[in-house]
Peer 1: 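Here it is, the structure in full.
Hydrogens, waters and symmetry mates play no part in the numbers below; they use all other heavy atoms, side chains included. Chain naming here is simple, since letters A, B, ... match the order of the sequence lines and numbering starts at 1 in each.
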Amino acid sequence: MDYFIKTIVSLLKEKTNLQEDEVEKLIEIPPDLKMGDYAFPCYSLAKTLKSPPNTIATELSRVLRTTDSIIEIKAIGPYVNFFVNKRIFTEMVLKKINEEHNCYGSGNRGSGKTVIIDYSSPNIAKHLGVHHLRSALIGNAIYNIYKTLGYKCIGINHLGDWGTQFGQLIVAYKKWGSENAHKSYTVTDLNNLYVKFHQETEKNPTLEDEAREWFKKLEAGNPEAKELWQRFKDVSLKEFQKIYDMLGIHFDAFVGESFYNTMVEDTVTRIKEKGLTRISEQALIVDLETYNMPPCLLRKKDDATLYATRDIAAAEYRKKTYNFAKMLYVVGSEQKLHFKQVFKVLELMGYDWANHCVHVDFGLMKFKDGKMSTRKGKVVLLEDLLIEAIERIKEIIEAKNPSLEHKENVAKEVGIGAVIFADLSTKRNKDVVFDWDEVLNFEGETGPYVQYTHARLCSILRKYGRPVTADIPFELLNEDEAIILIKNLWRFPSIILKAAELYEPSFISNYLIDVCSNLNRFYNAHRVLSDEEELTMARILLVDATRQVIKNGLHILGIHAPEQM
RNA sequence: GCGCCCGUAGCUCAGCUGGAUAGAGCGACGGUUUCCUAAACCGUAGGUCAGACGUUCAAGUCGUCUCGGGCGCACCA
């Protein structure tokens, strides 16, 4: 709990007969700085004391004594408002940030606990489109958020590397691709084979049977099938890795569905032994009607397992292997029902950790005129978007700062940062409409705005050229613009906690916009470097602290913070 | 048909889990540079918080219903 809130709570507790936590819950922050720093609404007291809230507020403000840290207590309407000692507050905040540097915002509540985060998870043999961005970026940010809080994180890329489509691919390859066997295949080639297969199937439906047969062979461990499968996978992974590298996204494991294939039998046996299954329409299902859900299918009528079966097996394996405290699936909201079913089956199997599994869902990305579709070719390739963003940033650098060093590198960091920030700046459950102009807008509430603010601060510090010291007259930082900024810097750790609790990286991006806006206002109103030695030192400390918070925040989102741009 | 999600300024979104006068950005219009990066800053215009009823001292926020949009609902992942 905040030191000042603690003081206020203890003051109030004495005079109100309320419990500590009751008082603390009621404390809020006034909408305007002039009204005070903290406020206590008297409505609930009004009820118990049977007297108007305004009267109680006035009464309380008269009875409560000020302290060193709470220097003024004033009733405004039904609120008792508290004013903190700005000098003490400023000193506390800036010294803390100065001491903790890169660790400001970190915590240890996760120490000894493991969190598994399942994100990105693309299908083999298909390109990464912009619609794959969300899972990867949200997952990566949540990974960083939990890591910041001291959790051990395991990022898993649950590749879509199993299923009948591999039978299709093998058939297509053998029929139309093998004459080019000498050439190095790309995902585009694989994708073309896939498309060709579907075209040809319309003329010749027996191809489907061939495909099923090949998949059966693959499942049975046929060497030729296995080798081709591995080759397709290698080609895809190579391309994926290139894009993950561009985006700065990290995984601890690439473990696809194929990996769990060997465990599925045992999983199904266990579910059967619990008496949860029955046969319906020749398929093996877990009936979930009593829970108002459609059944969970474990086996198709041809005996093959399904997505859900493999997910259950994967969950069991991960629990056994990592003993996680929490497992997060960063997957689109269209799969809500699927995960509800999977978690329910895990629960019915008797696993008490079933409720430690969370589906972190997010809204669809689509075009103005409808859904993105690989089949109709209605996709924007992720790589194209990133390259375009970098190109546009290059043009801007050329126009605004042509003498900049390491232009290429900065353009990359800013261009990619813009794309990441744009995707992480709205709450994840909202659908997003992909719009080139919007993603490639670099003014206002954008990634470049935050990075630019950071670069400006670095520039001041470079000019200053001396070490930053926290031994300054803190009372000099007394302008409204400074106080508002410092208050916001103070919120950073609690913002991270909230983002972790609700799996919401956008809290951090919105917070950063807020901090930058505060800073730019300050920057515009007051000069940092001046002839007044002490004032300069004081403002430099504030500049450095803000720089640090922005850097730490961007780092969590997976965005670089260039020192010049 | 049933279930879940969304609806706040022309557009894109915040709104600190029910509190004081609903805030930003983009776009529009007007302004700021002999001064630390103008990718910035300031100002003006723009709102029946989809609608109705209810709970409450207090509702954009909670509940019910209606309308509008999206997504799911048995052998794809």
Side-chain angles (χ1 to χ4, degrees), chain A residues 26 28-32 35 39 41 43-44 46-47 52-53 76-79 81 121 123 160 162-165 257 280-285 292-302 304-308 310-311 331-338 340 361 363-364 366 371 393 396-397 399-401 404 414 418 422 425-427 429-433 435 437-438 441-453 455-464 491 494-495 498 502 506-507 510-511 513-514 516-517 519-521 523-530 536 539-540 543 564-565:
Chain A
L26 286 170
E28 43 187 273
I29 293 164
D32 193 320
M35 293 171 150
Y43 303 104
S44 54
K47 216 167 198 178
I76 303 179
Y79 292 88
N81 291 16
S121 309
N123 286 328
W162 207 246
T164 32
Q165 74 265 30
E257 291 186 79
S280 166
E281 297 171 34
Q282 300 173 64
L284 184 71
I285 67 159
N292 278 320
M293 276 185 256
C296 179
L297 270 82
L298 299 177
R299 258 191 220 288
K300 304 194 270 189
K301 59 182 164 205
D302 70 359
T305 58
L306 288 116
Y307 182 38
R310 277 166 251 151
D311 263 357
V331 181
S333 57
E334 68 274 13
Q335 294 192 33
K336 257 186 155 162
L337 179 59
H338 163 76
K340 234 174 116 183
D361 63 317
L364 237 62
K366 50 187 183 167
K371 210 172 166 175
I393 293 290
I396 294 175
I397 291 176
K400 294 189 193 271
N401 195 358
L404 179 70
V414 177
S425 59
T426 63
K427 292 187 92 163
N429 70 345
K430 295 216 177 186
D431 288 352
V432 292
V433 175
D435 181 350
D437 292 337
E438 218 170 288
N441 167 38
F442 306 129
E443 280 166 23
E445 297 173 340
T446 65
Y449 173 78
V450 177
Q451 290 171 315
Y452 176 72
T453 307
R456 274 177 139 183
L457 297 179
C458 289
S459 173
I460 295 176
L461 290 164
R462 259 197 314 278
K463 279 219 160 120
Y464 179 66
R491 287 173 63 213
S494 72
I495 295 289
K498 218 176 90 189
L502 298 177
S506 70
F507 287 160
N510 287 331
Y511 167 77
I513 290 290
D514 222 31
C516 290
S517 163
L519 182 280
N520 282 316
R521 197 162 293 167
Y523 181 95
N524 233 265
H526 309 286
R527 249 197 96 78
V528 176
L529 303 173
S530 72
T536 300
R539 287 182 177 169
I540 279 290
V543 162
Q564 294 183 56
M565 63 186 271

Peer 1: At under 4.0 Å between heavy atoms, which parts of nucleotides 1-8 of chain B does protein reach? Answer with one letter per nucleotide, 5' to 3': B base, S sugar-phosphate only, - none.
Peer 2: ---SSSS-
Peer 1: Would you tabulate the nitrogen or oxygen pairs shorter than 3.5 Å linking the protein to nucleotides 56-63 of chain B?
Peer 2:
none

Peer 1: Contact class for A:E257 (heavy atom, under 4.0 Å): base, sugar-phosphate, or nothing?
Peer 2: sugar-phosphate
Peer 1: Just how far, in rounded Å, is C1' of B:rC76 from OH of A:Y307?
Peer 2: 11 Å
Peer 1: Using a 4.0 Å heavy-atom cut-off across all strands, classify A:L284 as base, sugar-phosphate, or nothing.
Peer 2: nothing
Peer 1: Both A:S506 and A:A455 contact RNA chain B. Which one's nearest nucleotide lies toward the 5' end?
Peer 2: A:S506
Peer 1: Expressed as a whole number of angstroms, how long is the span from A:L298:CG to B:rA77:P?
Peer 2: 13 Å
Peer 1: What's A:L306 touching, base or sugar-phosphate or nothing? Going by heavy atoms closer than 4.0 Å.
Peer 2: sugar-phosphate
Peer 1: Heavy atoms under 4.0 Å, any strand shown: does A:L502 hit a base, just sugar-phosphate, or nothing?
Peer 2: base
Peer 1: I'd like to know if A:S121 reaches the base of B:rA77 with its side chain such that a donor and an acceptor end up less than 3.5 angstrom apart.
Peer 2: no
Peer 1: Using a heavy-atom cut-off of 4.0 Å across all strands, would you classify A:K301 as base, sugar-phosphate, or nothing?
Peer 2: base
Peer 1: Distances under 3.5 Å only, N/O to N/O: pair up the protein atoms with those of nucleotides 21-30 of chain B.
Peer 2:
from	atom 1	to	atom 2	distance (Å)
B:rA24	O2'	A:E445	OE2	2.4
B:rG25	O4'	A:E445	OE2	3.3
B:rG25	O2'	A:E445	N	3.2

Peer 1: A:I76: what forms a side chain to side chain contact (heavy atoms under 4.5 Å, CB included) with it, not counting sequence neighbours?
Peer 2: A:M35, A:K74, A:N81
Peer 1: Can a donor-acceptor pair be found, under 3.5 Å and without considering hydrogens, that links the side chain of A:D361 to the backbone of A:K336?
Peer 2: no
Peer 1: Please map the stems of RNA chain B, keeping only stretches of three or more Watson-Crick or G-U wobble pairs with both distances under 3.5 angstrom.
Peer 2: B:1-7 with B:67-73, B:10-13 with B:23-26, B:28-32 with B:40-44, B:50-54 with B:62-66
Peer 1: When we call it a touch if two heavy atoms are under 4.0 Å apart, what does A:Y464 touch: a base, just sugar-phosphate, or nothing?
Peer 2: nothing
Peer 1: Can you name the ring-ring contact (aromatic ring centres under 6.0 Å, His included) partners of A:F507, sequence neighbours left out?
Peer 2: none
Peer 1: Mind telling me whether B:rU17 is syn or anti, cutoff 90° either side of 0?
Peer 2: syn
Peer 1: Only counting residues at least two apart or in another chain, list the ones meeting side chain to side chain donor-acceptor pair (under 3.5 Å) with A:E257.
Peer 2: A:R310
Peer 1: Within the 4.0 Å heavy-atom criterion, would you say A:L297 contacts the bases, only the backbone, or no part of the nucleic acid?
Peer 2: base
Peer 1: Is A:N292 touching bases, backbone alone, or none of the nucleic acid, heavy atoms closer than 4.0 Å?
Peer 2: nothing
Peer 1: Applying side chain to side chain contact (heavy atoms under 4.5 Å, CB included), can you list everything that pairs with A:I396, at least two apart in sequence or on another chain?
Peer 2: A:K400, A:F442
Peer 1: What pairs with A:Y449 under side chain to side chain donor-acceptor pair (under 3.5 Å), at least two apart in sequence or on another chain?
Peer 2: A:N520
Peer 1: Can you list the residues that meet the side chain to side chain donor-acceptor pair (under 3.5 Å) rule with A:Q165, with sequence neighbours excluded?
Peer 2: none
Peer 1: Take the protein atom CG of A:L457 and the nucleotide atom C1' of B:rU37, then report the distance between them rounded to whole Å.
Peer 2: 11 Å
Peer 1: Among all residues two or more places apart in sequence or in another chain, which pass the ring-ring contact (aromatic ring centres under 6.0 Å, His included) test with A:Y452?
Peer 2: none
Peer 1: Which residues pass the side chain to side chain donor-acceptor pair (under 3.5 Å) test with A:T536, not counting sequence neighbours?
Peer 2: A:S530
